[in-house]
Number of protein chains: 2
Amino acid sequence: MDNDAALKRLSALAQDSRLAIFRLLVKAGPAGVAAGDIARALDTAPNTMSAQLLVLANAGLVRARRAGRSIIYAVDFSAMSALLVFLTEDCCGGRPEICAPVIASAAACCPPRKSRRA
Amino acid sequence: MDNDAALKRLSALAQDSRLAIFRLLVKAGPAGVAAGDIARALDTAPNTMSAQLLVLANAGLVRARRAGRSIIYAVDFSAMSALLVFLTEDCCGGRPEICAPVIASAAACCPPRKSRRA
DNA sequence: GCGATACTTCATGAATTGTTGAAGTATGGA
DNA sequence: TCCATACTTCAACAATTCATGAAGTATCGC
């Protein structure tokens, strides 16, 4: 991922409503949520919502697909992943022990089920 | 980390020079870099740089410490970590297999040295 | 085809942000 | 104390971004 793309994604996320939309979609997962449902959930006008979703889509963070009259938006998890990688790039500087905690806490979102050490 | 803090951090990073500064400091690690050196490295006026660094510092992403006449800036890795966690929060939605690749690729920045498979 | 629903696009005005020059503060050396 | 270096702060202008109302496009059921 290049600098411009990263900047576009960060700018897209750096706004109250859009960050809320993104987090809602992250929680919703690959199934996604219809534009209208997002608008209602966040109490936003449909046209405003549409503009916000366009920004997120142009940044590559979400993808739109039509389903009947609705348009379903879902997070592009690989794009999200690429952004995290970009931000942590070369964070080691030859010292993995420094950035290891960063990765560890990010991984905490998904505790492995089988070996749950207290 | 709350929504406002995350928003402040994303806004701080969502700007060309500041993203460059941040990445430079990520690479530099805990030792940090003097404000003047950052300004020279990125070919930016000292006062402009000062304003940018202030934004990053107010967002909590970097910390400043004085060393003689210089002021050294360094990334606050725990703040950076908290932001990544915030963005990936509840990304599982009960399905770790979805967000696992996200974490895995972020972790790729720090390949474990001892067991280098492949 | 017609009307209703679901969203998007466009144009406008208000607010926020970024850069610059000038002036100010802090440290170190003579 | 005096000067130079290293940064920061202030004030002001230019550029970008955001929300809104009005109008437009696509789909569905009748």
Side-chain angles (χ1 to χ4, degrees), chain A residues 3-25 28 31-76, chain B residues 3-25 28 31-76:
Chain A
N3 194 73
D4 279 4
L7 210 46
K8 220 168 166 184
R9 287 177 194 180
L10 288 167
S11 303
L13 292 173
Q15 202 268 347
D16 201 33
S17 328
R18 287 196 301 262
L19 182 57
I21 295 168
F22 183 77
R23 276 162 52 84
L24 184 117
L25 290 179
V33 181
D37 289 341
I38 303 175
R40 274 183 291 278
L42 302 178
D43 196 30
T44 305
N47 57 350
T48 300
M49 179 54 64
S50 196
Q52 309 284 33
L53 287 169
L54 185 63
V55 174
L56 288 168
N58 280 338
L61 286 167
V62 305
R63 287 178 182 284
R65 64 175 191 273
R66 182 175 279 276
R69 268 176 286 199
S70 298
I71 295 184
I72 311 290
Y73 286 86
V75 168
D76 182 330
Chain B
N3 193 73
D4 278 5
L7 209 46
K8 219 169 168 183
R9 286 177 195 181
L10 287 167
S11 302
L13 292 173
Q15 203 267 347
D16 201 34
S17 327
R18 286 196 301 261
L19 182 56
I21 296 168
F22 183 76
R23 276 161 54 83
L24 183 116
L25 291 179
V33 181
D37 290 340
I38 303 175
R40 274 183 291 278
L42 302 179
D43 195 32
T44 305
N47 56 353
T48 300
M49 178 54 65
S50 197
Q52 310 284 32
L53 287 168
L54 184 63
V55 173
L56 287 168
N58 280 337
L61 286 167
V62 305
R63 287 178 183 284
R65 65 175 190 274
R66 182 175 279 275
R69 269 177 287 199
S70 297
I71 295 183
I72 311 290
Y73 285 86
V75 168
D76 182 330

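The figures here come from the full heavy-atom set of this structure, side chains too, leaving out hydrogens, waters and symmetry mates. If you're wondering where the values come from, they're calculated on a predicted model, not measured in any experiment. By convention in this document, chain letters (A, B, ...) are assigned in the order of the sequence lines, proteins followed by strands, and residues within each chain are numbered from 1.
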Rounded to the nearest angstrom, tell me the gap between atom [atom1] in [X] and atom [atom2] in [N].
{"X": "B/Ile71", "N": "D/dT5", "atom1": "CD1", "atom2": "C1'", "answer": "13 Å"}
{"X": "A/Leu13", "N": "D/dC18", "atom1": "CG", "atom2": "P", "answer": "12 Å"}
{"X": "B/Gln15", "N": "D/dA15", "atom1": "CD", "atom2": "P", "answer": "16 Å"}
{"X": "A/Gln52", "N": "D/dT17", "atom1": "CD", "atom2": "P", "answer": "13 Å"}
{"X": "B/Asp16", "N": "D/dT16", "atom1": "CG", "atom2": "C1'", "answer": "14 Å"}

Just how far is it from atom [atom1] of [X] to atom [atom2] of [Y], taken to the nearest 0.5 Å?
{"X": "A/Ser11", "Y": "A/Leu56", "atom1": "OG", "atom2": "CG", "value": "11.0 Å"}
{"X": "B/Asp16", "Y": "B/Ile21", "atom1": "CG", "atom2": "CD1", "value": "10.0 Å"}
{"X": "A/Thr48", "Y": "A/Leu53", "atom1": "OG1", "atom2": "CG", "value": "11.0 Å"}
{"X": "A/Arg23", "Y": "A/Arg18", "atom1": "CZ", "atom2": "CZ", "value": "15.5 Å"}
{"X": "A/Tyr73", "Y": "A/Gln52", "atom1": "OH", "atom2": "CD", "value": "11.5 Å"}

* Asked: How far does the helix from C/dG1-D/dC30 to C/dA30-D/dT1 bend, going by the axes of its first and last five pairs, to the nearest 10°?
  -> 30°
Identify whether any heavy atom of [X] sits under 4.0 Å from a base atom; if not, whether one sits that close to sugar-phosphate; answer base, sugar-phosphate or nothing.
{"X": "B/Ser70", "result": "sugar-phosphate"}
{"X": "B/Arg18", "result": "sugar-phosphate"}
{"X": "A/Ala34", "result": "sugar-phosphate"}

* Counting only side-chain N and O atoms of B/Arg69, is one of them less than 4.0 Å from OP1 or OP2 of D/dA4? -> no
* Is it true that a side-chain atom of A/Arg9 and a backbone atom of A/Ala59 form a donor plus acceptor pair closer than 3.5 Å? -> yes
* To do: Walking along DNA chain C from 5' to 3', note the first and the last nucleotide with an atom under 4.0 Å from a heavy atom of chain A, and give both.
  => C/dA4 to C/dT9
* Structure fact -> Per nearest nucleotide of DNA chain D, the residue lying toward the 5' end, B/Ala35 or A/Ala51, is B/Ala35
* Using the side chain to side chain contact (heavy atoms under 4.5 Å, CB included) rule, take B/Ile38 and B/Thr44 through it: C-alpha gap first, then chi angles, then the decisive distance, then the call. => CA-CA 8 Å; B/Ile38 303 175; B/Thr44 305; over 6 Å; no
* Residue pair B/Ala74 / B/Gly32: nearest heavy atoms and the distance that separates them -> CB-CA, 3.8 Å
* To do: Run through A/Val62, A/Leu61, A/Asp76 and flag the one making a side-chain contact (heavy atoms from CB on, under 4.5 Å) with A/Leu25.
  => A/Val62
